[in-house]
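Notes for the one structure printed next.
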Amino acid sequence: MTNLKISDMCKEDRPRERLCSLGAGVLTNAELLAILIGSGTQGVSALQIASQLTAHERLYREVARWRRVQDFQHVKGLGTARAARILAALELGKRLACASAVESACISSPDAGAQYLMGRLRSETHERFLVLLLNTKNRVIQTEQIAEGSLNSAVVHPREVFAPAITAHAAAILVAHNHPSGDPTPSREDRNLTRVLAKTGEIMGIPVLDHLVIGDGVYYSFKEHGEL
């Protein structure tokens with residue numbers, strides 16, 4: 001790659017001009033990111049920096065998991081202001097992904113539940129355990145985070161899971177957590193916790209419809225595998 005500055009490119013080839021004339025959908029990830037970066041630094045253009053950050057699915061596998069400005073410090077040409085813009089854009093994207101799901105948040109199947117949660121959980125670097133509170137039509141009343149970190153039955157206790165369901169008069173719940181490794185295969189602890197929660201739900205009359213383990217674009221449904 002040459003050290004050609006964006007300002008030296010033909011006007012119709014510049015990312016910002018291409019967006020204005022053709023729309024954002026035709027731009028590559030690198031071009032979109034270059035617009036956020038704005039300008040490069042000595043010897044490195046904004047497009048070069050963006051290309052480095054998006055090469056070989058790095059945008060999805062690494063950058064999407066960064067949470068602090070300090071995570072960008074090793075990237076040549078990115079200062080605090082540029083890193084902050086990227087972080088802000090990533091966070092907006094995640095919030096929009098969740099918001100679009102809320103509009104039709106009827107959890108009619110394991111796949112629907114996974115799609116509802118994927119944008120929120122797939123890039124998390126720590127395990128998070130969530131409970132979806134559902135009404136009689138399986139529509140989401142609200143979503144609660146119960147725990148974060150290394151999850152086991154001692155951390156995720158049935159009383160913490162079902163307390164918000166009782167308060168919200170939920171008819172049923174769906175529980176979910178992510179595996180930061182990207183592999184949704186459940187652990188022995190995941191299976192034990194699922195059995196405990198399912199039994200508690202039966203006693204309380206608030207059934208657990210499913211337990212989803214969210215990975216990187218993939219998921220595991222205990223219901224689909226006949227374990228609920």
Donor-acceptor contact below 3.5 Å, side chain [X] vs main chain [Y]:
| X | Y | value |
| --- | --- | --- |
| Arg65 | Thr125 | no |
| His169 | Ala165 | no |
| Asn178 | His126 | yes |
| Gln48 | Ser45 | yes |
| Asp190 | Ser187 | yes |

pair [X]-[Y]: side-chain heavy atoms closer than 4.5 Å:
| X | Y | value |
| --- | --- | --- |
| Ile107 | Val140 | yes |
| Ile49 | Leu78 | yes |
| Glu31 | Leu19 | no |
| Glu127 | His179 | yes |
| His177 | Leu130 | no |
| Leu133 | Pro164 | yes |
| Tyr219 | Leu121 | no |
| Phe129 | Leu193 | yes |

Are [X] and [Y] joined in one hydrophobic group, where the rule is that I, L, V, M, F, W and Y side chains link up if heavy atoms are under 4.5 Å apart?
| X | Y | answer |
| --- | --- | --- |
| Leu33 | Leu27 | no |
| Val175 | Leu228 | yes |
| Val44 | Ile37 | yes |
| Val218 | Leu117 | no |

side-chain contact (heavy atoms from CB on, under 4.5 Å) between Leu174 and Tyr116, intermediate numbers included: CA-CA 12 Å; Leu174 182 148; Tyr116 178 83; over 6 Å; no

Distance-only side-chain donor-acceptor flag, Arg120 / Thr143, under 3.5 Å: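 There is no such pair between these side chains.
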
Under 3.5 Å side-chain donor-acceptor pair for Tyr60 and Asp216: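 Absent: no donor and acceptor within the cut-off.
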
Calculate, to the nearest 0.5 Å, the distance between atoms [atom1] and [atom2] belonging to [X] and [Y] respectively.
| X | Y | atom1 | atom2 | value |
| --- | --- | --- | --- | --- |
| Thr200 | Arg159 | OG1 | CZ | 11.5 Å |
| Phe162 | Ile146 | CZ | CD1 | 10.5 Å |
| Leu90 | Arg95 | CG | CZ | 12.0 Å |
| Ser123 | Ile214 | OG | CD1 | 12.0 Å |
| Ile35 | Arg18 | CD1 | CZ | 9.5 Å |
| Leu132 | Arg139 | CG | CZ | 14.0 Å |

Chi angles and distances behind the salt bridge (Lys or Arg N to Asp or Glu O under 4.0 Å) call for Glu227, Lys223: CA-CA 6 Å; Glu227 299 178 73; Lys223 181 178 180 179; over 6 Å; no

Do other residues, nucleotides or ligands put more than 12 heavy atoms under 6.0 Å from [X] [atom1]?
| X | atom1 | value |
| --- | --- | --- |
| His56 | NE2 | no |
| Arg61 | CZ | no |
| Arg191 | CZ | yes |
| Phe72 | CZ | yes |

Worked check of salt bridge (Lys or Arg N to Asp or Glu O under 4.0 Å) between Glu124 and Arg67: CA-CA 9 Å; Glu124 291 294 336; Arg67 294 290 180 271; 3.6 Å; yes

Aromatic ring pairing His211/Phe222, orientation class (parallel under 30°, perpendicular over 60°, tilted between):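 Because their plane-to-plane angle is under 30°, the rings of His211 and Phe222 count as parallel.
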
Side chain to side chain donor-acceptor pair (under 3.5 Å) between Ser181 and Asp183, intermediate numbers included: CA-CA 5 Å; Ser181 68; Asp183 180 0; 5.5 Å; no

